[in-house]
Colleague: 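Got a structure here, written out as structure tokens. Questions coming.
Remember, it's a predicted structure, so these values are computed and weren't measured experimentally. Chain letters run A, B, ... following the sequence lines, proteins first and then strands; every chain starts at 1.
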Amino acid sequence: MPKTNIQEIERKWQKYWEDKKIYKFDTKTKKKIYSLDTPPPTISGKLHMGHAFGDAQQDFIARFKRMNGFEVLNPFGTDNNGLPTLRLVEKEKNVDSKSMSREEFIELCLKTIEEEYIPEFLADSKRLGISADWDIFYSTIDERSRRVSQQSFIDLYKLGREYRIDAPALWCPTCRTTIAQVELVDKDIHSQFSDIVFKVDNKDLIISTTRPELLPAIVAIFYHPDDKRFKPLKGKKAKTPLFDIEVPILPDPKADPEKGTGVVMCCTFGDQTDMEWQREHKLPIKMAIAPDGTMTGLAGKYKGLKIKEAREQVIQDLKKAGALKSQKKITHPVNVCERCSTEIEFIEKKQWCIKYLDLKEKLLKWGREIKWHPDHMRNRYENWVKGLKWDWCISRQIAFGIPFPVWYCKSCDETILADEKQLPIDPIEDKPPIKKCPKCNSTEFIPEKDVMNTWATSSLTPTITKDLLKDTPAYKKITNQPMSIRRNGQDIITFWDFNTIVKSQLHENRNPWNELYINGWILGKDGHKMSKSRGNGVSPQDVIEDYGADALRYLSASVKAGDALPFPEKELIAGKKFVTKIINAANFVFMNIKPKKTQPTLHETDRLFLTQLNNLTKSATDAFESYELSKAKMLVDAFFWHTFADNYLELVKYRVYNGTATEKASASYTLYQALLAITKMMAPITPFITEEIYQTHFKKQEKETSIHTSSWPTPLKLKTSKKDQEAWNTLLEIIAKARQTKSEAKVSMKAEIYLTLPEETQTLLKPLLEDLKAVTSAEEIKEGALKVDLV
RNA sequence: GGCCCUAUAGUCUAGUGGUAAAACGACUCGUUUACACCGAGUAGUCCGCAGUUCGAUUCUGCGUGGGGCCACCA
């Protein structure tokens, strides 16, 4: 088929589906509802291959369930309330969010995304054949999401699950925001160990550090409790150079005797271990670094210098003071901000946290109540839960996002919640619901300026989806129960899936979904993750242009749940070939048959073949049911290609052209049923070409508006016998033998032969011998050991 | 440092306690009443070691390679 035809056919059915509202969710449905919690992509550009690949796999499930009698709730959302959107709009519109009012900036973000990004993204998704109901649409920053998200905050506050504390927070000096553990990446940094001389009872104690600028913030010195070298120092105090601060010397097992000189200095905000020590040993809190990445007054004369400048200066001064013994260059990995690669710092800040560390055991239990596909992906969730050390900090200090619905009393700091009926609100713009503080009667309130972390909202997608259907009859059916399934990539199990489970359990005491499908993962041709910097990306738009959307979907169906696959161009070729082949096969079938729905007396070849078809129907349906999508595709594809096209069509041709009325009727029925079943079973994967075939050939008899709302095939009623499989296999073996003989003799497949078959084979295949003679061009069948002779 | 997944033709993947298969590629032929974006055929393969077993590519352990998660990183 020429390229333009594929494009035309696909566009034609895409329009048809939209016009006929084939994927419209019927809110008045009487059917069982199958609901999908769809991952809202952060839209900052075109649909990329990762989106296409995952969305396609989800669509296979949606379409399969739709054909199996479910009313499928397949919404579509976008996630654009976070830092990436903020960055995008700042860059695109050349503005600085800090110099605008929050309201202005949110407006600009919404407008930019909605006008310039979402339309193209949606068009690409539709072009891919995603069968979502586009009217059930949400954005994680729209009014509904803001309301649901603020309501969640208020509910959790009332449940005592939220608290606000002065806490050390991971801080990025460049982004000027606190960041989450998951936003950190490791980076190898060239640095140096400076051996600094401390004084204990006027004797030298050498301590190695990579961060001499933190000398003013030292609160203790640690050694390993088993380290004999330092045991005598226990309980003594060390004096720091330059600053002359006296700090205690303490034993702690986290100090590594092998590293540096075996003793380590602890500053409140040096790194995570420092903070743990601060807590465990109840050390004072000292802040040497301000939120903007400069030194605080604590650093004395170094105040106002940037971290690196201060480090240089301190080293110079240590040298002058004779307190720097030596320096050694090292490369060591440090945590940096994943967005700007700045080394992170720790600061003290009032933050809202959701308390969940007490729920670890329950979280593990809840995780086990969800069916994971594949099962082993639950390990990632469990490892994450077991490793949790902090409660969930949901405060973010950026200009864009969903505001906390709270104010604080200016005089007593009492938290004032917004009136639930007025959500969503912005405390900066709106007034608190009360005039006086209930605690101290003060009348002045300070709005919370922070916004919520994006995961605090996107962890509510099941709630948001259900809220979209409020006031419809379907609402009752979907509320108060988990959604059917969520599908997403393995990369966000630990935050999106995890946080959603947390919220659902805290709010509703139930899991958000019954099942989780971790989609297969597409890599670049080089086996690495697709990325701009590697230049190994493939654009789905180009692929659709060259091969068609069906071919891209066919490719997406060749990876197992949870697996990763280097981009296989050959699967696109195979997909395109499949499309051509099945349309040709359909043309052949309907050129030669008279469709008949009732089963006539079946010719033995047809009965045996239909038995094979029934086996396929069972195994492919099982595979779809258990979400083994790649297996399902492989089974149907292999059957279509080998059993149906290569063998059955060849076997039946002679009879179709030359048979008696009875023989033709049997062939007609068989061809019709087999092609219909195959077409339907491929419909979830290649929806366009199967719709083309359905509409062109089957619709007259089948009557459904679309193949995608037709019913899934079930096995046909057939007489069977124990020898069916043996007879079918033997038949194919003989055909293969004849083909082999001809090929080796380098003659045409139509060359005539003498076929010699053992008596028992002839008995087994008796009703098939005429078809066998025709397909092998055998002039006659002789008796004896299996042999093929050219005439 | 802890953990998870994984290893099959040139490539990418199925599969099995009795030495294996499809697709793409290669090679050899054929073709005109579905299909040259075709048909048929040929060659080619189970990471290493040890254990369990009559028998291991398959099960177990270890090693090695690849992918990933977590923790640490003065």
Side-chain angles (χ1 to χ4, degrees), chain A residues 1-3 6 181 186 188-189 191 193-196 207-212 214 218 221-222 254-256 259-267 270-274 277 330-335 374 376-389 490-491 493-494 521 523 525 527-529 547 551 558-560 562-592 630-631 634-635 637-638 641-642 645-646 649-650 653 656-658 735-736 738-751:
Chain A
M1 204 185 324
K3 173 174 155 181
I6 294 180
Q181 275 179 57
D186 283 351
D188 280 326
I189 299 271
S191 178
F193 257 135
S194 298
D195 289 349
I196 300 175
I207 297 180
S208 285
T209 181
T210 54
R211 305 206 53 186
L214 289 176
I218 293 184
I221 284 169
F222 287 104
K254 278 200 274 287
D256 182 353
K259 258 185 196 161
T261 58
V263 267
V264 51
M265 61 185 224
C266 167
C267 321
D271 59 39
Q272 189 152 330
T273 315
D274 284 350
W277 278 330
I330 57 158
T331 302
H332 67 148
V334 295
N335 283 326
H376 67 80
M377 280 296 169
R378 198 184 54 242
N379 288 324
R380 301 230 181 155
Y381 170 84
E382 297 203 352
N383 285 342
W384 175 258
V385 171
K386 286 174 191 162
L388 285 172
K389 279 189 174 171
Q490 39 90 11
D491 55 334
I493 292 171
T494 54
W521 199 242
L523 306 171
K525 283 176 198 158
H528 291 97
K529 196 172 168 170
Y547 297 92
S558 53
V559 66
K560 285 199 279 196
D563 260 18
L565 184 71
F567 191 82
E569 191 110 32
K570 70 184 180 68
E571 280 296 307
L572 284 176
I573 295 165
K576 203 169 154 189
K577 280 169 84 168
F578 170 80
V579 167
T580 310
K581 185 84 174 176
I582 196 167
I583 195 93
N584 279 319
N587 288 338
F588 167 73
V589 166
F590 283 92
M591 213 181 280
N592 293 293
S630 63
K631 187 178 175 184
M634 210 182 312
L635 286 169
D637 187 59
W641 215 275
H642 301 299
D646 292 349
L649 287 187
E650 295 303 321
K653 263 180 189 168
V656 164
Y657 297 140
N658 310 304
I735 295 172
R739 285 170 173 169
Q740 184 187 11
T741 306
K742 291 178 192 182
S743 195
E744 279 168 359
K746 302 190 177 183
V747 296
S748 159
M749 281 301 127
K750 293 198 168 160

Colleague: F193(A) near the nucleic acid: base, sugar-phosphate alone, or nothing, with a heavy-atom cut-off under 4.0 Å?
Modeller: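 The residue F193(A) makes sugar-phosphate contact but no base contact.
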Colleague: My understanding is that only residues two or more places apart in sequence, or in another chain, count here; which of them pass side-chain hydrogen bond (donor to acceptor under 3.5 Å, both in side chains) with K525(A)?
Modeller: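 Result, side-chain hydrogen bond (donor to acceptor under 3.5 Å, both in side chains) vs K525(A): E569(A).
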Colleague: Of all residues at least two apart in sequence or in a different chain, which pass the salt bridge (charged side-chain N to carboxylate O under 4.0 Å, His left out) check with K581(A)?
Modeller: none
Colleague: Tell me: CG of N584(A) to C1' of U33(B), nearest whole Å?
Modeller: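 For the pair N584(A) CG and U33(B) C1', the rounded distance is 14 Å.
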Colleague: Is K581(A) close enough to G39(B) that one of its side-chain N or O atoms is under 4.0 Å from OP1 or OP2 there?
Modeller: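 Indeed, a polar side-chain atom of K581(A) lies that close.
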Colleague: Pick the P atom in U19(B) and in C12(B), then give their distance to the nearest Å.
Modeller: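 Approximately 27 Å lies between the P atom of U19(B) and that of C12(B).
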Colleague: Could I get the full list of salt bridge (charged side-chain N to carboxylate O under 4.0 Å, His left out) partners for R378(A), not counting sequence neighbours?
Modeller: D375(A), E382(A)
Colleague: Using a heavy-atom cut-off of 4.0 Å across all strands, would you classify M265(A) as base, sugar-phosphate, or nothing?
Modeller: nothing
Colleague: Roughly how far apart, to the nearest Å, are G25(B) and U6(B) at atom C1'?
Modeller: 25 Å
Colleague: Figure out the CZ/P separation between F588(A) and G39(B), and round it to whole Å.
Modeller: 14 Å
Colleague: Just to verify, what does E744(A) make a salt bridge (charged side-chain N to carboxylate O under 4.0 Å, His left out) with, not counting sequence neighbours?
Modeller: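 With sequence neighbours excluded, E744(A) shows a salt bridge (charged side-chain N to carboxylate O under 4.0 Å, His left out) to no residue whatsoever.
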Colleague: Apply side-chain hydrogen bond (donor to acceptor under 3.5 Å, both in side chains) to D646(A) and list each qualifying residue two or more places apart in sequence or on a separate chain.
Modeller: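 With neighbours one apart ignored, the set is H642(A).
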Colleague: Answer with base, sugar-phosphate or nothing: what part of the nucleic acid does D637(A) contact at a heavy-atom distance below 4.0 Å?
Modeller: nothing
Colleague: From the options U42(B), A40(B), C5(B), select the nucleotide whose nearest atom is closest to the side chain of Q740(A).
Modeller: U42(B)
Colleague: In chain order, what residues pass the salt bridge (charged side-chain N to carboxylate O under 4.0 Å, His left out) check against K577(A), with sequence neighbours excluded?
Modeller: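 Residues passing salt bridge (charged side-chain N to carboxylate O under 4.0 Å, His left out) with K577(A): none at all.
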Colleague: Counting only side-chain heavy atoms from C-beta out, which of C35(B), C4(B), C70(B) sits nearest to N379(A)?
Modeller: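 In terms of side-chain proximity for N379(A), the closest of C35(B), C4(B), C70(B) is C4(B).
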Colleague: Touch check for E382(A), heavy atoms < 4.0 angstrom, all strands: base, sugar-phosphate only, or nothing?
Modeller: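 The answer is nothing, as E382(A) stays clear of every strand by at least 4.0 Å.
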Colleague: Respond yes when some side-chain nitrogen or oxygen of K560(A) is under 4.0 Å from OP1 or OP2 of A14(B), and no when none is.
Modeller: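 Yes, because at least one side-chain N or O of K560(A) sits under 4.0 Å from OP1 or OP2 of A14(B).
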Colleague: Which whole-number value in Å describes the distance from W384(A) CH2 to C70(B) P?
Modeller: 6 Å
Colleague: Using atom P in both nucleotides, what's the gap between U8(B) and G67(B) to the nearest angstrom?
Modeller: 14 Å
Colleague: Could you work out the separation of G55(B) and U13(B) based on their C1' atoms and round it to a whole Å?
Modeller: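 These two C1' atoms come out 28 Å apart once rounded.
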Colleague: Calculate the interatomic distance between K386(A) atom NZ and C70(B) atom C1'; express it in whole Å.
Modeller: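 The distance from NZ of K386(A) to C1' of C70(B) comes to 11 Å, rounded to the nearest Å.
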Colleague: Going by the rule ring-ring contact (aromatic ring centres under 6.0 Å, His included), which residues pair with F193(A) if we only count those two or more places apart in sequence or in a different chain?
Modeller: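 If we apply the ring-ring contact (aromatic ring centres under 6.0 Å, His included) test to F193(A), skipping adjacent residues, there are no hits.
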Colleague: Reading 5' to 3' and counting Watson-Crick or G-U wobble pairs with both distances under 3.5 Å, write the dot-bracket notation for RNA chain B, | for bases paired outside the strand.
Modeller: (((((((..((.(....[..).)).((((((....).)))))....(((((..]....))))))))))))....
Colleague: Protein within reach of the bases, or only the backbone? For nucleotides 20-29 of chain B, mark each nucleotide 5' to 3' as B, S or -, using heavy atoms under 4.0 Å.
Modeller: --SBS---SS
